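Here is the structure we will look at, set down as C-alpha cells.
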There are 2 protein chains.
Amino acid sequence: MSTPAKKHGGGIENLFFALQKKLFDSIKDEIKGLNCSIPQIELLRHLEEHHELSLSEIARFLKITKPSASVMIDGMENRGLVKRTIPETDRRSVVITLTSKSTALIRAIAGKKKKVISVLIAKMSRKEQADLFTLLEKLINEY
Amino acid sequence: MSTPAKKHGGGIENLFFALQKKLFDSIKDEIKGLNCSIPQIELLRHLEEHHELSLSEIARFLKITKPSASVMIDGMENRGLVKRTIPETDRRSVVITLTSKSTALIRAIAGKKKKVISVLIAKMSRKEQADLFTLLEKLINEY
DNA sequence: TATTGTTATACTCTATAACTATA
DNA sequence: TATAGTTATAGAGTATAACAATA
C-alpha cells in the first residue's frame, strides 16, 4: 500500500504527466476551429478575471518575453480580441482589455473545456469526484 | 456538498486546467537548457517504452501530421537523439529508435520531472498522496 | 491503386538584440 | 539612467499540397 500508482511507465510522476498530456490533447481537439492558441485562451481567461493587464503582466503570466507578448497582442488586436489603451498616469505603459467579441468567445471556450472535463470524470462516482476535487484544490493552493 | 471545488475562477474544470498549466510551466522551467521541446520529450519517453516506432505511429502519438513528424525526426536525428532504419520487410516505412545519447537524456529528464512532482505534493500527507494517486489512476485508466 | 514517408512552402509562436518614448 | 513597450530578425513547430518509392 506504500506505492499506490505504478502504471503508465513506472512512477507516480508519469500519472500526472499522462493526465496533463490527455487534458492538453483534448483541449487542442476541442478548440480546433476557434482560431485561438492555448496561451491566447489562457490570457483571455486571465483577463476576464483581472479586467485589465499591462503587457509586462501578460508576459509574466504566460512566461514569455515582452517582445513575444507584444507580437501576440498585435495579432489578437487585429482579430478584435483585445484593446490597447495608454493610461495618462504612465504613458510608457499599455493597458490590455477584453472586447465584446472576446467576451463572447470566452463563453464558447469555457463550454468546450467543461465538456472535456465532464467526459473525463463521467465514470467516477459523486463521492470520488468530490474527493478528487478536494485533493486537487489542496494541491494547487499549496503549490 | 454537491459542488466541491469553486476557487480559481469559478468551476471544477478550472481546477484541472490550473493544475495543467502549473505542471506545464514547471516542466518548461525544468527542461530549459536541455534543448528538447515537450513533444520531443514525450516522444523519447514513448520510444523508451515501445523501443521502436514508425513515423506514422509517432505522428499519431503526438497528434501531429506525418510531414511535421518527419521534420521533427530530421532535427532529432541531426542532434543524435534518434536513429532512422529502413526495415527489409517493408521498404516504404521507417523505424525510429533511441540512441545511447538519448537514453542518457531520458534519465536526466525523468529526474527533473520527478522533482516537479515532489515539490507539488510535498505538503500533502501520505494518506492524501495515496488517495490522490488512486483517484488519478482511475481517471486515466477509464478515460 | 493505396500506403509510407519526404520536400516545398507558409504561418504562428517564441527568442535575442537593438530601438523609442517616457519616467 | 531605468523602465515599458516595440521593431527587426531568426529559429522551432506545425500545417497543406504535391511528390517519390514501395506494396
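Proteins come first, then strands; the chains are lettered A, B, ... in the order of their sequence lines, and each starts at number 1. Because the structure is predicted, anything quoted here is derived from the model rather than measured.
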Show the numbers, then the answer: is there a ring-ring contact (aromatic ring centres under 6.0 Å, His included) between B/Phe16 and A/Phe133? CA-CA 9 Å; B/Phe16 273 93; A/Phe133 296 137; 5.8 Å; yes
Verdict with reasoning, A/Thr65 to A/Ser68, per side chain to side chain donor-acceptor pair (under 3.5 Å): CA-CA 5 Å; A/Thr65 61; A/Ser68 299; 2.9 Å; yes
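What separates CZ of A/Arg84 from P of D/dA4 is a distance of 16 Å, to the nearest Å. Rounded to an integer number of Å, the gap from A/Met72 CE to D/dT7 P is 17 Å. D/dA15 atom C1' lies 16 Å from atom NZ of B/Lys63, rounded to whole Å. Atom CG in A/Asp74 sits roughly 13 Å away from atom C1' in D/dA8 (whole-Å rounding). The interatomic distance linking B/Glu77 (CD) with D/dA12 (C1') rounds to 18 Å, in whole Å. Look at CG on B/Leu62: it is 7 Å from P on D/dT14, rounded to the nearest Å.
Taking every heavy atom of residues 50-59 of chain A and every atom of DNA chain C, no pair lies under 4.0 Å. Residues of residues 31-42 of chain B having a heavy atom closer than 4.0 Å to DNA chain D, listed by number: B/Ser37, B/Pro39, B/Gln40.
Residue B/Thr65 places none of its side-chain N or O atoms closer than 4.0 Å to OP1 or OP2 of D/dT14. Residue A/Ser70 has no polar side-chain atom (N or O) positioned under 4.0 Å from OP1 or OP2 of D/dG5.
Taking CD1 of B/Ile96 as the reference point, atom CD1 of B/Ile73 lies at 4.5 Å (rounded to 0.5 Å). Rounded to the nearest 0.5 Å, atoms NZ (A/Lys112) and CG (A/Leu34) are 5.5 Å apart. B/Gln129 CD to B/Lys123 NZ: the interatomic distance, rounded to the nearest 0.5 Å, is 13.5 Å. Of the inter-residue distances, the one linking B/Ile58 atom CD1 with B/His46 atom NE2 reads 8.5 Å to the nearest 0.5 angstrom. Atom CG of A/Leu135 is separated from atom NZ of B/Lys127 by 8.5 Å, given to the nearest 0.5 angstrom. The distance from the NZ atom of A/Lys113 to the CD1 atom of A/Ile106 is 10.0 Å, given to the nearest 0.5 Å.
In this structure, the side chain of A/Arg79 engages the main chain of A/Asn35 through a donor-acceptor pair within 3.5 Å. Using modelled atom types, no side-chain atom of A/Ser102 and backbone atom of A/Leu98 make a donor-acceptor pair closer than 3.5 Å.
One axis for each end of the helix from C/dT1-D/dA23 to C/dA23-D/dT1, each built from five base pairs, and the angle between them comes to 10° at 10° resolution.
Residues B/Phe61 and B/Met72 share a hydrophobic cluster, clusters being chains of Ile/Leu/Val/Met/Phe/Trp/Tyr side chains in contact below 4.5 Å. By the criterion of side-chain heavy atoms lying less than 4.5 angstrom apart, applied directly or through intervening Ile, Leu, Val, Met, Phe, Trp or Tyr residues, B/Leu62 is not grouped with B/Val71; the two fall into different hydrophobic clusters.
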Heavy-atom protein contacts under 4.0 Å, nucleotides 18-23 of chain D, coded B base, S sugar-phosphate only, - none: ---BBS
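For NZ of A/Lys115, the number of neighbouring non-hydrogen atoms (other residues, nucleotides, ligands) closer than 6.0 Å is 12 at most. Counting heavy atoms of neighbouring residues, nucleotides and ligands inside a 6.0 Å radius, atom CD1 of A/Ile86 does not exceed 12 of them.
Using a cut-off of 4.0 Å between Lys/Arg side-chain N and Asp/Glu carboxylate O, A/Lys32 and A/Asp29 are scored as salt-bridged.
The outermost nucleotides of DNA chain C lying under 4.0 Å from heavy atoms of chain B, listed 5' to 3', are C/dT3 to C/dT7.
Sorted by first and then second residue, the salt bridge (Lys or Arg N to Asp or Glu O under 4.0 Å) pairs with a member in residues 92-101 of chain B read B/Asp90-B/Arg92; sequence neighbours excluded.
A residue-by-residue look at A/Lys66 and B/Ser93 shows that B/Ser93 has its nearest nucleotide of DNA chain C further toward the 5' end.
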